[in-house]
**Q** 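Shown below is the structure under consideration.
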Amino acid sequence: MNLFNYFRSIVVQSLKEMSEGGEIPPGLDFSKITVEPPRDASHGDISTNAAMVLAKPAGMKPRDIAEILVERLDLLGDVTRAEVAGPGFINMTLSDEFWGKRLADVLEAGTAYGTGTAGEGVQVNVEYVSANPTGPMHVGHGRGAVVGDALASVLEKAGYSVTREYYINDAGAQVDTLARSLHLRYREALGEDIGEIPEGLYPGDYLVPAGQALAERDGDVWLKVSEEEWLSEIRSFAISAMLDLIRDDLKALGVCHDVFSSERALVDAGAVDEAFSYLQDKGLIYTGVLEPPKGKKPDDWEPRPQTLFRATEFGDDVDRPLKKSDGTWTYFANDMAYHRDKYRRGFTSLINVWGADHGGYVKRMEAGVKALTDGAATIDVKLCQMVNLLEAGEPVKMSKRAGTFITLRSVIDKVGKDVARFIMLTRKNDAQLDFDLAKVLEQSKDNPVFYVQYAHARIHSVLRHASEQFPGIGQDGHELAKARLDRLTDPAELGLIKQMSVWPRIVESAAEAHEPHRVAFFLNDLASHFHALWNKGKDDTSLRFLVEGDEELTRARLALLRGAGTVIASGLDVLGVKPVEEMR
RNA sequence: GGCCCCGUAGCUCAACUGGAUAGAGCAUCAGCCUUCUAAGCUGACGGUUGCAGGUUCGAGUCCUGCCGGGGUCGCCA
């Protein structure tokens, strides 16, 4: 249960009654009313802006509405205090018993706590990674992979029906280049001295094993025929080898997709022609000549007639070409067909996670989706900014040519998948991210992964001690839920429960805003509340978790610990990070 | 030059999609280990949210124009 939604419905109900009773005018719009935790805890536990939002349309003073409303809210069983504050906020404080019950909710639900229904089963397609199948993944791809994966998870937890998808760009010129590069490695595998890799081909070592595999499978058959004859076959071999490589990298990162969509298959199936005639029928296709970009005219610019899509009718800056001068489709045309295909498969909410270098492409894709789905589907493109790799504060120099190129795999091998994933989510997607290979392995509070994991490990450390000192206390969540939770009365204890109770709301808002990083920040906050409580027990021995001679209180505190550990585990699960029970 | 993103404490970043006195960590300073992990905690110091207007009960958040940084810009994908 998201308790803020719960209280919102109570507030709205009260307002309806006030409206029926003539205390406020009828027919007011309640949609802008929010119920939130106040920023300052001294203002109470929950707060609503209802009076301020309604003041103007009701033609009343905010405080007057608030006074009436607060009288009703004050009567609610769980509310110990309701008062008007500031310009017309209503702040409510909830009883300790209420919070005890919320802890019981957590214990009953286990790691399913936070799972919601706000998504109402809406079908969402999250497309992420979609790295070209021409080589292993780099660190930037890794960020997109983690962001997309965590976003998909948080959407699932919020009740959306999610499909994780990878778009394989296997139709462009770059895969022909890949095929030629592989053919070279294949000749090499058969004993030929190929010398330097020519300019324009992929020089990477990762093609060597693929060349050997091809030589083993097919022998020398591709030496005797012309490129025209070998291109297609070797291309598919190369693509599938590169996809294996990428899938391996993704697996190491704990990322998997439900669907791999092939651009080539889509084109072969006529999807582009279909999308094109759809647009043509709507009068959105014409032949025209584009202006050169203002202020930066390419040297070789010459006007030429092109087949254009009227993207400007849907908010783009210029109309966009769909055909090259040789009559073949542009990448954009294929992409249009692909997005129409997603829509036809039943998705009305499309999310694409791209690298920041695709920023210039967003508007035309948005325009495309609007045109192709008649506005029935929405697309949200999350651009991931660069990852700056550092080693103890110094930038790691990377050059493909010098061979100092850092692959995603080498980073995962060095720091582990859990650390890599968590760090990738400690920034919002549109901010640049510093990834310090030394710092992320540090065991200190500078390091958010460690800080959160340590909280979880500490909790389990106490639980282990408890099972020795208090063998009679069952540590199962359902059992602990029956403890005398009203014995938890210290502000730090209640504060921890309150922080835990925010989790369903975080899930909902992170899903709605498409911002998985909020989960990482939440976990940091939660860990901080826990560490604070822990240390309070150092100064004040009566606040320790294990209380000799008071099994009832110990049971209640173990319940609190179990609950906090459960919420941390639930959050880490969304991020795809495994909680640890012991630090080494 | 057009478009997109960013600009918040000395540094790295939050701010619940428009809410109250803008919050954390690092750094600096002052405290806390005979104790379930001090791998942590408590406090102090630190702000004209790049600048100037506008919208409104209320703006870091929305709009306009500047300044600074990054990205991108017709048959590359």
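Only heavy atoms go into these numbers, but all of them, side chains included; no hydrogens, no water, no symmetry mates. Order of the sequence lines fixes the chain letters, A, B, ..., with proteins taken first and strands second; residue numbering starts at 1 for each chain.
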**Q** Taking the P atom in each of B:G25 and B:C66, what is the distance between them to the nearest angstrom?
**A**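 The same atom, P, in both gives a distance of 40 Å.
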
**Q** Under 4.0 Å between a side-chain N/O of A:H517 and OP1 or OP2 of B:A15, yes or no?
**A**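 So the side-chain polar atoms of A:H517 do come within 4.0 Å of the phosphate oxygens OP1 or OP2 of B:A15, strictly under.
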
**Q** Specify the glycosidic conformation (syn or anti) of B:C33, with syn defined as within 90° of 0.
**A**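 Judged by the O4'-C1' to base torsion, B:C33 sits in syn, the angle falling within 90° of 0.
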
**Q** Indicate, with a heavy-atom threshold strictly under 4.0 Å, whether A:T134 touches base, sugar-phosphate, or nothing.
**A**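 No contact.
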
**Q** Are A:Y167 and A:Y338 near enough that their ring centres are under 6.0 Å apart?
**A**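 Close enough - the centres of the two rings lie under 6.0 Å apart.
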
**Q** Tell me whether the side-chain N/O atoms of A:H465 come closer than 4.0 Å to OP1 or OP2 in B:U37.
**A**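 Checking B:U37 against A:H465, a side-chain N or O does come within under 4.0 Å of OP1 or OP2.
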
**Q** Classify the nucleic acid contact of A:E302 as base, sugar-phosphate or nothing, counting any heavy atom under 4.0 Å across all strands shown.
**A**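 A:E302: base contact, heavy atoms under 4.0 Å.
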
**Q** Is A:D317 side chain donor-acceptor paired with the B:G2 base, going by distance under 3.5 Å alone?
**A**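 For A:D317, whose side chain was compared with the base of B:G2, there is no donor-acceptor pair (under 3.5 Å).
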
**Q** Which part of the nucleic acid does A:K428 contact within heavy-atom distance under 4.0 Å: base, sugar-phosphate only, or nothing?
**A**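 Contact class for A:K428: sugar-phosphate only.
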
**Q** To check you understand the geometry: which heavy-atom pair defines the closest contact between A:N2 and A:P504, and what is its length?
**A**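 A:N2 and A:P504 have their closest heavy atoms at CA-CB, 4.1 Å.
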
**Q** Check the phosphate of B:A38 against A:R458, side-chain N and O only, distance under 4.0 Å to OP1 or OP2. Yes or no?
**A**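 Yes.
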
**Q** Using the P atom in both, what is the distance from B:G23 to B:A59, to the nearest Å?
**A**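 Looking at atom P only, B:G23 and B:A59 are 16 Å apart.
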
**Q** So, does A:S461 get its side chain near the phosphate of B:C36, meaning an N or O under 4.0 Å from OP1 or OP2?
**A**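 So the side-chain polar atoms of A:S461 never come under 4.0 Å of the phosphate oxygens OP1 or OP2 of B:C36.
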
**Q** Mind checking if A:R427 touches a base, just sugar-phosphate, or nothing, with heavy atoms under 4.0 Å?
**A**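 Sugar-phosphate contact only - A:R427 comes under 4.0 Å of backbone atoms but never of a base.
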
**Q** Taking the minimum atom-to-atom distance to the side chain of A:A513, which one of B:U17, B:A20, B:G40 wins?
**A**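 Minimum distance to the A:A513 side chain belongs to B:U17.
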
**Q** Are A:K363 and B:C4 close enough that a side-chain N or O sits under 4.0 Å from OP1 or OP2?
**A**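 Answer yes for this pair, as a side-chain N or O of A:K363 is under 4.0 Å from OP1 or OP2.
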
**Q** Report which part of the nucleic acid A:A171 touches: base, sugar-phosphate, or nothing (heavy-atom distance under 4.0 Å, all strands).
**A**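 No contact.
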
**Q** Answer yes or no for A:K324 and A:W329: cation-pi contact, defined as NZ/CZ to six-membered ring centre under 6.0 Å and angle to ring axis within 45°.
**A**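 The answer is no, since A:K324 fails at least one limit relative to A:W329.
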
**Q** What's the closest nucleotide to the side chain of A:E263 if the choices are B:G40, B:U17, B:A77?
**A**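 Nearest listed nucleotide: B:A77.
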
**Q** In whole angstrom, give me the gap between the C1' atoms of B:C36 and B:G46.
**A**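 Pairwise C1' distance, B:C36 against B:G46, rounds to 36 Å.
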
**Q** Counting any heavy atom closer than 4.0 Å, what does A:N169 reach on the DNA or RNA strands: base, sugar-phosphate only, or nothing?
**A**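 Since only primed, P, OP1 and OP2 atoms lie under 4.0 Å of A:N169, the category is sugar-phosphate.
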
**Q** Does A:K56 have a side-chain nitrogen or oxygen under 4.0 Å from the phosphate oxygens OP1 or OP2 of B:G58?
**A**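 So the side chain of A:K56 is outside the cut-off, no N or O lying under 4.0 Å from OP1 or OP2 of B:G58.
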
**Q** Side-chain donor or acceptor of A:S47 under 3.5 Å from a matching atom on the base of B:A20?
**A**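 It does, because a donor-acceptor pair links the side chain of A:S47 to the base of B:A20 below 3.5 Å.
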
**Q** Does OP1 or OP2 of B:C41 have a side-chain N or O of A:Y451 closer than 4.0 Å?
**A**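 Answer is yes, contact under 4.0 Å.
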
**Q** Check the interface with nucleotides 22-29 of chain B: list each N/O to N/O pair with the protein under 3.5 Å, or write none.
**A**
residue: B:C26; atom: OP1; partner: A:K445; partner atom: NZ; Å: 2.9

**Q** Near A:R81 CZ, under 6.0 Å, is it more than 12 heavy atoms from other residues, nucleotides or ligands?
**A**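 Incorrect, the count does not exceed 12.
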
**Q** Across all strands, who's sitting opposite B:C26 as a Watson-Crick or G-U wobble pair, both distances under 3.5 Å?
**A**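 Base-paired to B:G10.
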
